[in-house]
Amino acid sequence: MVDIGSGSDPRLMVDVEGFSPEKSLAVIEAQHLEAIRSLRVDPVPILGMWGLAWLGGFGAFYLASPDGPGPYLATWAAGLVLGVLFAAAVAVSVQQGVWRSRGVEGPSRQVGAMYGWSWPLAFAGLYGVNLGLIHQGLPTGVAPLLWSGSSLLVVGLLYLAGGMIWTDRVQYGLGAWTLVVGAASVSAGVPGNFAVLSLAGGGGFLVACALAYARGARGRVTRAQP
Amino acid sequence: MTIEGLLPPLDPVIHAQPRLRVTVALAALDDGDQITFPRLQEIVGMTAGNLSTHLRKLEDAGYVTVTKTHRHRTPVTYLALTRSGRRALEDYTTALRALLATPEPLLRLEDSP
């Protein structure tokens, strides 16, 4: 029925079968996009949620600081805002990873799981070091700078790693930017560090989110034209 | 000059649309990965009976590997595209593009002086 190479007129044969190369290419294209959409982690909600969490969470700390323009809210309220937003961002990230990899077994799942666990492991190490330094008599005025500087170093490095694993320039660029923001936050001092984290840090995530979204949209357009 | 021999033949195994779609979906997996039957079913949107019929044909052609195993005492079926399955899809896509690009001018050759 489909031995198209040996017919007298291949187009006639394929027309009789209700087949056209255009239609088949469109079927391939549509099924490929559906599979990618279902299997790949979508960075847009992850980056967007983290952008909002940094903007809102660290912004709240800046506004709660007695040495800043405020204080406009209590420190505990700022802590609550940050806690809730960060918990939501962690939930979105984990949900994406778990949901997309369900029913898939093999190297990609292992890489994803190892990368995912790198985050709590790295932050557990960071807490250990920082709490140790504070216990050893680190001046209280410096502690907030230690937290923001070291946290951003860890975040930046993990985004560099993500960029390497998935050959993703947006992630890699965000990692590099986060390292710069970490250093800048320490130079800014308290409470300026919170403004830097909120605007430059959160802003970096939101720019990365926009770039990832644009890349996704561009991919859909170019692939649709064979 | 005839068209025979110039146009690549289309692989009958994946020329059937459901099998083409299953092959495309499996090709989206990373190297070395495999996928469970229900998850594949979700991506291609076919009934279980339909999907297993087509998978059997793909397996017979050597395009798909079917691995039956147990997880927490529940039987699980994993599916993956073989190397020749991936190549078949690439060849098929190339053939479609060639078909799309060549027929008209070739057919007109016979009329030219």
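All values below were derived from every heavy atom in this structure, side-chain atoms included, with hydrogens, water molecules and symmetry-related copies excluded. Not measured: the values here are computed from a predicted model. Chain A is the first sequence line, chain B the second, and so forth, proteins listed ahead of strands; every chain is numbered from 1.
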**Message:** Taking salt bridge (Lys or Arg N to Asp or Glu O under 4.0 Å) as the cut-off, I'd like each qualifying pair that reaches into residues 39-56 of chain A, sequence neighbours left out, listed once.
**Reply:**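 For residues 39-56 of chain A: Arg40(A)-Asp30(B).
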
**Request:** Check whether any side-chain heavy atom of Val13(B) sits under 4.5 Å from a side-chain heavy atom of Arg19(B), and report yes or no.
**Result:** yes

**Asked** Pick from Ile35(B), Leu89(B), Leu79(B), Leu40(B): which one has the most heavy-atom pairs with chain A under 4.5 Å?
**Response** Ile35(B)

**Asked** Given the options Thr23(B), Val44(B), Leu26(B), which has more heavy-atom pairs under 4.5 Å with chain A than any of the others?
**Response** Val44(B)

**Item:** For Trp99(A), all residues meeting ring-ring contact (aromatic ring centres under 6.0 Å, His included), sequence neighbours excluded
**Value:**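 ring-ring contact (aromatic ring centres under 6.0 Å, His included) list for Trp99(A), sorted by chain: empty.
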
With a 4.5 angstrom heavy-atom cut-off, is it the side chain or the backbone of [X] that approaches chain A, or both, or neither?
| X | result |
| --- | --- |
| Ile43(B) | both |
| Val22(B) | neither |
| Phe37(B) | neither |

**Prompt:** Relative to chain B, which of Ser108(A), Ala35(A), Gly106(A) shows the most heavy atom pairs under 4.5 Å?
**Reply:** Ser108(A)

**Asked** Would you say the ring centroid of Trp177(A) lies under 6.0 angstrom from that of Tyr159(A)?
**Response** no

**Item:** Leu47(A): which of Val92(A), Leu206(A), Leu174(A) passes side chain to side chain contact (heavy atoms under 4.5 Å, CB included)
**Value:**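 Testing Leu47(A) for a side chain to side chain contact (heavy atoms under 4.5 Å, CB included) against Val92(A), Leu206(A), Leu174(A) leaves exactly one candidate, Leu174(A).
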
